[in-house]
Amino acid sequence: MSTTVTPDETTRPGATPGTDPSAGHSAEGGAGALPVLAVDLVTAPSLLEGLAPLARGLEEAGIGALTLSDGGLHPIHVAAHLAPLTGRIGLLPRTDAIYVEPFHLATQLMSLDHISHGRAGWLLQAETDPSAAEAVGREVLGLEATAREAVDVLEAVRTIWGTWAPDAVVRDTERGVYVDASRLQYADVEAETFSVRGPAITPRSPQGLVPVLVADTDRAAAGERVSGELADGRVLDLDVSGGARVEELAAQIGSALAETGTEAASGPGEQADPSAASQQVRLVRLVGLDLEADPLGTVRQLADELRSRGLIAPAPAASDASGAAPSSASASASASASASASASGRTLRDLLGLPEAPFQLDPARRADRARLTSEENA
């Protein structure tokens with residue numbers, strides 16, 4: 001990848017007028033929230049040995065998130081590998097919502113959120129490759145059925161994420177009680193091709209609801225409801241495999257922000273379109289980065305220039321006093337740094353400008369009701 005940076009203090013093509021690049025990222029998920037810069041890494045087995053040093057280097061270079069695309073190793077597994085070795089960078093595996101078990105998928109993403117201390121996200125993919133269906137013994141779904149399945153799985157996964165209250169785990173050794181069943185609730189999802197019963201087997205994760213984003217490359221297959229209504233935001237894909245110039249990237253980002261900003265904004269006293277949040281660009285993803293060249297130098301230079309133009313969010317704050325990236329020799333120190341980041345409220349939802357996801361208790365779904373007789377339930 002070759003990048004030409006030509007700063008111009010008077011003319012900034014693609015910049016959002018009136019945007020202060022030093023301003024913080026909106027915590028309310030409004031139209032003014034700047035997108036986070038991400039780098040896409042392919043999970044090829046041949047690259048695994050170098051992924052952790054690269055991830056830490058990208059974190060130190062000020063990149064806000066990594067997306068993991070399937071190159072042979074499961075993206076969630078690779079994200080779990082990187083979680084304790086990084087401290088503040090978001091981790092978003094791009095993984096299928098169609099030919100999977102929704103309960104297992106929900107649990108895997110919850111577990112990733114736990115071990116990353118609130119830095120997990122899901123880049124929702126709607127798989128259309130027939131080999132994916134064959135691998136799990138299912139018939140290939142058409143495009144309409146694929147879009148319906150994506151909706152069902154996303155809604156089911158979020159329902160599962162919301163089955164444990166934050167205070168459900170009590171660990172009362174005197175009474176021999178680990179969990180307060182009244183603070184759990186059943187999922188009870190009955191979809192067209194699957195059903196889910198009972199609460200999750202994993203306690204509520206740090207973010208509660210893991211952010212779900214849809215990349216440009218997946219929007220058509222995921223369908224209009226997921227991409228335009230249910231997702232937490234859009235991922236703008238920038239292909240840099242051919243060597244892109246900063247001016248070209250800035251123009252693409254500026255155009256996307258102007259387009260979605262128009263959709264998201266509302267006049268004085270008017271309410272914003274409820275679907276605008278899912279269409280807002282939350283992440284700008286560099287795809288096809290040349291790892292044979294100098295990826296860290298290239299990305300650092302590119303990130304600095306895009307930030308100076310007010311096009312991407314500030315770099316995530318350091319998770320410790322020194323701001324140093326965790327060393328490969330100390331995974332425990334990395335986990336401590338990550339825990340510190342979580343304690344400071346720097347979750348991926350914060351970085352993306354998304355509001356907190358409070359727990360919603362539904363008395364009709366309470367898990368302790370399952371212990372009662374039918375007469376007591378009545």
Side-chain angles (χ1 to χ4, degrees), residues 1-26 31-41 53-67 86-92 213 215-217 233-261 280-318 323-325 346 348 350-353:
M1 170 183 173
S2 60
T3 304
T4 303
V5 180
T6 53
D8 185 340
E9 295 302 324
T10 58
T11 305
R12 301 174 183 268
T16 304
T19 302
D20 179 3
S22 64
H25 201 185
S26 169
L34 290 173
V36 171
L37 184 62
V39 170
D40 184 66
L41 299 179
L54 179 58
R56 290 193 295 268
L58 290 170
E59 181 175 66
E60 187 64 18
I63 299 305
L66 296 176
T67 64
T86 53
R88 57 186 181 272
I89 198 166
L91 299 169
L92 298 96
L213 306 179
D216 286 344
T217 189
R234 171 189 171 194
V235 179
L236 174 65
D237 287 338
L238 299 180
D239 186 354
V240 295
S241 59
R245 295 177 178 270
V246 167
E247 298 297 337
E248 296 170 354
L249 298 179
Q252 292 179 63
I253 298 171
S255 176
L257 293 182
E259 176 186 350
T260 56
Q280 184 174 342
V281 178
R282 302 281 181 184
L283 209 68
V284 171
R285 183 171 72 137
L286 304 180
V287 180
L289 183 67
D290 185 358
L291 300 182
E292 298 297 325
D294 177 20
L296 297 182
T298 296
V299 167
R300 187 188 298 272
Q301 189 180 27
L302 178 60
D304 289 346
E305 176 59 20
L306 292 176
R307 286 197 179 98
S308 75
R309 297 175 183 229
L311 293 172
I312 59 172
R346 292 190 294 271
L348 182 59
D350 295 324
L351 292 178
L352 296 175

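All values reported here derive from a predicted model rather than from experimental measurement. Residue numbers run from 1 in the order of the sequence given.
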Are any of the side-chain heavy atoms of [X] and [Y] separated by less than 4.5 Å?
| X | Y | value |
| --- | --- | --- |
| L236 | P35 | no |
| L213 | R285 | no |
| L302 | V246 | yes |
| D239 | D237 | no |
| L249 | V240 | yes |
| L92 | V235 | no |
| V39 | T67 | no |

Considering all heavy atoms, the nearest [X]-[Y] contact:
| X | Y | result |
| --- | --- | --- |
| R88 | A317 | CD-O, 2.9 Å |
| V36 | A65 | CG1-N, 4.1 Å |
| A250 | R309 | CB-NH1, 3.7 Å |
| I89 | A55 | CD1-O, 4.4 Å |
| A315 | G62 | CB-O, 3.5 Å |
| G90 | L348 | CA-CD1, 4.1 Å |

Output the distance between atom CG (L66) and atom CG (L286), rounded to the nearest 0.5 Å.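 The CG atom of L286 is 11.0 Å from CG of L66, to the nearest 0.5 Å.
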Once you round to the nearest 0.5 Å, how far does CG of L291 lie from CG of L296?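 It comes to 9.5 Å.
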Just one of I63, I253, L58, L238 clears the side chain to side chain contact (heavy atoms under 4.5 Å, CB included) bar with L37, so which one?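 Passing option: I63.
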For D216, salt bridge (charged side-chain N to carboxylate O under 4.0 Å, His left out) partners two or more places apart: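 Checked D216 against salt bridge (charged side-chain N to carboxylate O under 4.0 Å, His left out); matches are R234.
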Cationic N near anionic O, under 4.0 Å, R56 to E60: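 Answer for the salt bridge query: no.
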